[in-house]
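Note that the structure is a prediction, hence the values are computed from the model and not measured.
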Amino acid sequence: MNVRKRDIRTSASVWRRPYRRSEKETNEGKGGKKPVMTEIDLPRGGSIVEKKEKRQRDDPEEDGLFKKKAKKDDKKKGKVDLPEGHENSGKENELDGVWKNPITNEVMIDGVLGLGYVAEIRTSDVILETASSFRVTLPITELGPYALSEVKADRLQLEDAFPIGHAVSFKVLAKEKTFKKKPINKQPQTESTAIKVTIDPAKINKHLGPTTIFVGLAIASEVKSIEEKGLLLDLGLKSTSAFLSKDLLPNGFTPKVGLPLTVRIQSTSNMRMLQVALAVEMDTLSEEAVSSLSLRTLMPGTIILASPLQTKTEGAYVSLGNGVNAWLPRRAMPPRIRSNIESFVRPLRVVILLCQQNSRLLCVSAHPDIVAVSRSEKRRSFEGVNLGDVIKCVVTRNSNGKVEMSIVKEEEEDDGKGSLVIVTATKTSLEGTSTDKRYKVGSEHDMRVLGMKIAERTINVGNTKEIMKQPMVSFHDAKGGAKVSAVIKKLSTAGVHVLMFGRIRGFIPLRYMCDKAVDSVEKAFPIMSNICQWDILQ
């Protein structure tokens, strides 16, 4: 029986090993005899050389959180994610790679770790302040598992878990994709700019492992249970928990299940049960950790010694150890150094406020009230000053249009140490211009308090005629039934967004806009038009 060429190719398709037809096979195939197949001498499996796959290193530090694995040589030289074109060939180039940029929404991306101080408590979320007084939003749904269950059961109130000034570690969440609504009055609707964070220890401590846990490292936790001799803390790690002895709890501290705490590792002799302390500021990161320090091992809230490298007018470059450098802003320094930066010659303690693994992002502060992580009472008061108060200030610095002042104390209150609170005034809030001779160093002025920043310990003031006379400087001064004037800034489907006294934002629902229904809200209330004598509801 003759076999056609296509039959041979078809039958060969079932063979797993490659072969070739010899001349004898071809000739005999034409003559009607059964073809003989001659195999090439190849290893079974059809491949000549099998490439061995590289064995992946089982490293707990390698995680999807890290975008880029830093090289060992780079870590030693501090060469981590430097701008393009920079080389770490000398001290100046190393300092060029240090983060000095202000904190913005573009910087706060998924995976950034930070230490936040409670600034405001709302119905369904908590507002935290971090470096540069940047504010982030903590939704209730992003609490730890124990805190969330206690809040849902009404056994834990947000005011008890998050007192004003309380320090908590957080992690920035991925930004949600939102869809823009149909523009109103040809005005594009802006997307929400709030940066959402989580304080779940399992998400914050996800990258930590036995090789990255050191004595002195700050770590996020929450109270799991209250035992006879102390508190059992949940760290979000599978095989590691923490214990906080009652002897280390401060006076007046009331433990509750679910409380979020930033604690310092005190002993790692037993990795299954770490010994921790609540007073984070009482000790610094261990020498062992500093000798091998890298941006991958830093955690927010960690206290570390910073040595001066180079001083500038607005701050100083500092070394944290092992080639890791940071920028220390002038406002984040103690009063004695802030008044004379040239006196900064010895190491001082700083706290990590913002960091990101394998990134240049690193923000620190040496302000005594900020370094005292566990002392929330230090951040609740601004030396007895409240919003709307008129205070007497003395100019301490006037540079490039920026005026800094300090509160004038009475003789019996002056301790000679200097004020820990910085008073600042912007060009728009000053009567005249900041370059006037009236604002020379040493001059005294009556100023009205317009706002406060917890994370920077600063008070914003102003003294223009409008500011000194206006009845409200913040929404805290609003009283139900009061009549105010407002300017329309934005229209939405639910109502009108307005601005009062040039700085206070408000919202008017559509049903309260006017007594009679209008055909077109856009025509009746155009953007930037004045609305006079509106009653404050709440």
Side-chain angles (χ1 to χ4, degrees), residues 55-66 69-70 72 75 111 113 115 144-147 167-171 198-249 255 257-304 320-322 324 351-352 355 357-358 373-374:
R55 181 175 174 270
Q56 292 188 355
R57 184 180 175 187
D58 187 13
D59 190 346
E61 297 175 12
E62 293 184 0
D63 193 270
L65 173 67
F66 311 130
K69 188 72 175 178
K72 294 182 179 179
K75 290 189 292 182
L113 301 176
L115 184 70
Y146 294 96
V168 291
S169 300
F170 66 82
K171 181 179 180 180
T198 179
I199 62 170
D200 187 355
K203 297 178 181 179
I204 299 174
N205 305 329
K206 181 180 178 182
H207 63 287
L208 294 179
T211 60
T212 55
I213 294 179
F214 298 96
V215 173
L217 190 72
I219 190 169
S221 68
E222 63 174 346
V223 179
K224 183 178 181 180
S225 63
I226 303 175
E227 307 297 336
E228 181 180 355
K229 295 184 178 181
L231 307 179
L232 185 61
L233 306 181
D234 176 45
L235 304 179
L237 304 176
K238 291 183 180 180
S239 57
T240 305
S241 298
F243 183 77
L244 176 59
S245 175
K246 280 189 176 181
D247 298 335
L248 300 177
L249 295 178
V257 175
L259 278 179
L261 300 175
T262 299
V263 295
R264 170 176 50 83
I265 299 175
Q266 198 169 16
S267 174
T268 57
S269 57
N270 183 3
M271 291 300 296
R272 290 186 174 274
M273 186 62 67
L274 300 175
Q275 301 297 319
V276 298
L278 186 59
V280 179
E281 64 276 5
M282 294 304 292
D283 203 355
T284 59
L285 190 63
S286 65
E287 294 182 1
E288 178 189 0
V290 173
S291 62
S292 59
L293 188 67
S294 68
L295 294 175
R296 295 185 302 141
T297 57
L298 285 176
M299 287 290 288
T302 301
I303 308 296
I304 189 170
L320 306 184
N322 197 34
V324 178
V351 60
I352 306 298
C355 59
Q357 279 66 25
N358 298 331
V373 177
S374 65

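Under the 4.5 Å side-chain criterion, counting only non-hydrogen atoms from C-beta, Met271 is in contact with Ile213. Side-chain contact between Lys246 and Lys229 is absent, with no heavy-atom pair separated by less than 4.5 Å. Considering only heavy atoms from C-beta on, Ile219 comes within 4.5 Å of Val263 through its side chain. Two residues are said to be in side-chain contact when any heavy atoms from C-beta on lie closer than 4.5 Å; Leu259 and Leu231 fail this criterion. You'll find the side chain of Leu233 reaches within 4.5 Å of the side chain of Val223, heavy atoms only. Taking the side chain as every heavy atom from C-beta outward, Val290 and Leu320 never approach each other to under 4.5 Å. Contact annotation: the side chain of Glu287 never approaches that of Val215 to less than 4.5 Å [non-hydrogen atoms, C-beta and beyond].
The neighbour count for Met282 CE, taken as heavy atoms of other residues, nucleotides or ligands under 6.0 Å away, does not exceed 12.
The two residues Thr284 and Ile304 come nearest to each other via the heavy atoms CB-CA, 4.4 Å. When all heavy atoms of Leu274 and Leu235 are compared, the pair lying nearest together is CD1-CD1, 4.0 Å. Heavy atoms only, all atoms of each residue included: Val276 and Leu244 are closest at O-CD1, 3.4 Å. Across Ala218 and Pro300, no two heavy atoms sit closer than the pair CB-O, 3.6 Å. Taking all atoms of both residues into account, the shortest heavy-atom contact from Ala220 to Pro201 is O-CB, 3.9 Å. Scanning both residues, Asn205 and Met299, for their nearest heavy atoms gives OD1-CE, 3.4 Å.
Not counting sequence neighbours, the partners of Lys203 by the salt bridge (Lys or Arg N to Asp or Glu O under 4.0 Å) test are Glu142. Scanning for side-chain contact (heavy atoms from CB on, under 4.5 Å) contacts around Glu288 gives Phe214, Ser286, with sequence neighbours left out.
The backbone N or O of Leu293 sits less than 3.5 Å from a side-chain atom of Asn322, completing a donor-acceptor pair.
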query: Could you walk me through whether Leu298 and Leu217 pass the side-chain contact (heavy atoms from CB on, under 4.5 Å) check?
result: CA-CA 8 Å; Leu298 285 176; Leu217 190 72; over 6 Å; no
Criterion side-chain contact (heavy atoms from CB on, under 4.5 Å) on Gln357 and Thr297, from CA distance to verdict: CA-CA 8 Å; Gln357 279 66 25; Thr297 57; over 6 Å; no
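From Asp283, atom CG reaches atom CG of Leu285 across 9.0 Å, with rounding to the nearest 0.5 Å. Note: Leu113 CG to Phe170 CZ = 8.5 Å, rounded to the nearest 0.5 Å. In this structure, OH in Tyr146 is found 7.5 Å from CD in Glu222, a value given to the nearest 0.5 Å. Leu248 CG to Ser374 OG: the interatomic distance, rounded to the nearest 0.5 Å, is 11.5 Å. Note that CG of Asp234 is 6.5 Å distant from OG of Ser241, once rounded to the nearest 0.5 Å. In this structure, Lys171 NZ and Lys206 NZ are separated by 5.5 Å, a value rounded to the nearest 0.5 Å.
Residues in residues 257-280 take part in these side chain to side chain donor-acceptor pair (under 3.5 Å) pairs, two or more places apart or across chains: Ser169-Thr262, Ser267-Ser269.
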